[in-house]
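Inspection log for the structure reproduced underneath, given as structure tokens.
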Amino acid sequence: MNESVNASCVLIGVGGHAVVLLEALLAADRAVPAIGLDGDAELHGTVQQGVRIVGGDDMLPEMPRLGITHFVLGVGTGSDTATRRRLFENARAAGLNPLDVRHPSSLCSPSAELGPGIQLLARGVVNAQAELGESVLVNTAAIVEHHCVVEDHVHLATGAILCGGATVRSGALIGAGAIIKHGVVVGRNAVVGAGAVVIDDVADDAVVAGIPARRIERSR
Ligand SMILES: CC(C)(COP(=O)(O)OP(=O)(O)OC[C@H]1O[C@@H](n2cnc3c(N)ncnc32)[C@H](O)[C@@H]1OP(=O)(O)O)[C@@H](O)C(=O)NCCC(=O)NCCS
């Protein structure tokens, strides 16, 4: 494996998801970011997974002056995708470009279209003529079947399956192991609970769970 450092790239967030990303970069024989930013002040000045943490994400505007041209989003998704979207947009506003991360064990059809900042992790699959927007996270072993449309900032969690022709609107979170039936549309910023089977369209901002998936009220 190539353990060299990419001096022009910053890692944003150094939690569990970041570790997975760094290992995906190394598995693909690519260099890891030289520096990182994280909201936890106790990490500032430390080295995490070989990445030197120089401060919080409020430092993003200073990155170009340090010779940084690219970023990788190291934050995953807790209960929604808002943090990933905010950090991505802030990094773009600072003039940085997203680095694509594709694990060598992932599969992507040559007829699929991937937007900038794609994170296609181990054993993730993107099948024929699927269209993915910017900063889409296809997590470990998630599957995007043929002719699906996946808009910006969507997170397909581990093992989620989008059957053929499904659409997932911007910012939605599809929970681990969930299945979205062919042709179904999941609305903007909607959340599909882990293990759900979604057989009908999901409204914008709705939270659904269960088999078949039904709308639920969140605890917060
Ligand atoms: C659906 C989800 C967002 C709800 O979270 P929440 O707002 O904290 O909701 P709560 O845990 O308070 O649960 C609310 C109700 O829904 C039920 N529920 C929660 N998640 C459920 C799920 N995945 N399937 C079925 N029922 C679920 C709870 O049992 C509870 O029912 P009750 O009111 O009868 O007691 C969350 O449970 C979930 O599944 N998130 C996806 C996590 C994931 O896969 N992340 C990816 C990381 S890689």
Side-chain angles (χ1 to χ4, degrees), residues 11-25 27 38-40 48-49 72-88 98 100-103 105-107 114-115 117-126 132-145 148 150-163 166-181 184-220:
L11 175 68
I12 306 174
V14 293
H17 182 61
V19 179
V20 175
L21 286 177
L22 295 174
E23 292 192 358
L25 285 169
D38 196 276
D40 182 353
Q48 303 292 325
Q49 314 296 326
V72 177
L73 269 192
V75 292
T77 298
S79 55
D80 61 47
T81 62
T83 302
R84 280 178 61 85
R85 180 193 289 269
R86 175 179 63 79
L87 292 171
F88 186 92
D100 295 348
V101 179
R102 289 170 63 165
H103 193 281
S105 69
S106 66
L107 290 174
L114 304 182
I118 182 76
Q119 295 185 349
L120 178 52
L121 299 183
R123 305 191 78 163
V125 176
V126 178
L132 279 61
E134 70 178 12
S135 195
V136 170
L137 168 51
V138 181
N139 220 321
T140 310
I143 297 174
V144 179
E145 262 306 335
C148 284
V150 182
E151 295 183 354
D152 301 344
H153 306 291
V154 165
H155 176 190
L156 306 175
T158 303
I161 298 174
L162 303 187
C163 299
T167 296
V168 183
R169 300 271 184 232
S170 176
L173 164 63
I174 310 297
I179 298 173
I180 313 298
K181 185 184 162 189
V184 161
V185 178
V186 176
R188 184 179 165 87
N189 295 325
V191 176
V192 173
V197 176
V198 180
I199 59 173
D200 297 310
D201 291 354
V202 176
D204 290 354
D205 301 308
V207 181
V208 301
I211 303 174
R214 299 277 183 249
R215 202 158 178 158
I216 63 168
E217 293 305 318
R218 303 194 71 164
S219 53
R220 60 171 180 79

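Order of listing sets the numbers, starting from 1, for every ligand and every atom in it.
For a threshold of 3.5 Å applied to N or O pairs, the pair formed by V191 and ligand 1 contains no separation below that value. Looking at A157 next to ligand 1, no N or O pair under 3.5 Å apart turns up.
Scanning all heavy atoms of the two residues, the minimum distance from V202 to A190 falls at CG1-CB, 3.8 Å.
Of all atoms in ligand 1, listed by their number and element, those nearer than 4.0 Å to a heavy atom of A176 are 43 (C), 44 (O). Taking a cut-off of under 4.0 Å to the non-hydrogen atoms of A209, the atoms of ligand 1 that pass are 21 (C), 22 (C), 24 (N), 25 (C), 26 (N), 27 (C). For ligand 1 and A194, the ligand atoms under 4.0 Å from any heavy atom of the residue are 22 (C), 23 (N), 24 (N), 38 (C), 39 (O), 41 (C), 44 (O).
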Atom pairs and distances, side-chain donor-acceptor, residues 117-124, under 3.5 Å, sequence neighbours left out:
unit_1	atom_1	unit_2	atom_2	d
Q119	OE1	H17	NE2	2.9
Q119	NE2	L73	O	3.0

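Listed for the T167 side chain is no donor-acceptor partner under 3.5 Å among the backbone atoms of V185.
When E217, H155, H17 are checked for heavy-atom proximity to atom 48 (S) of ligand 1, H155 turns out nearest.
Pairs engaging residues 151-160 under the salt bridge (charged side-chain N to carboxylate O under 4.0 Å, His left out) rule: E151-R169 [sequence neighbours left out].
Separation of atoms NE2 (H103) and CG (L21) is listed at 10.5 Å; rounding is to 0.5 Å.
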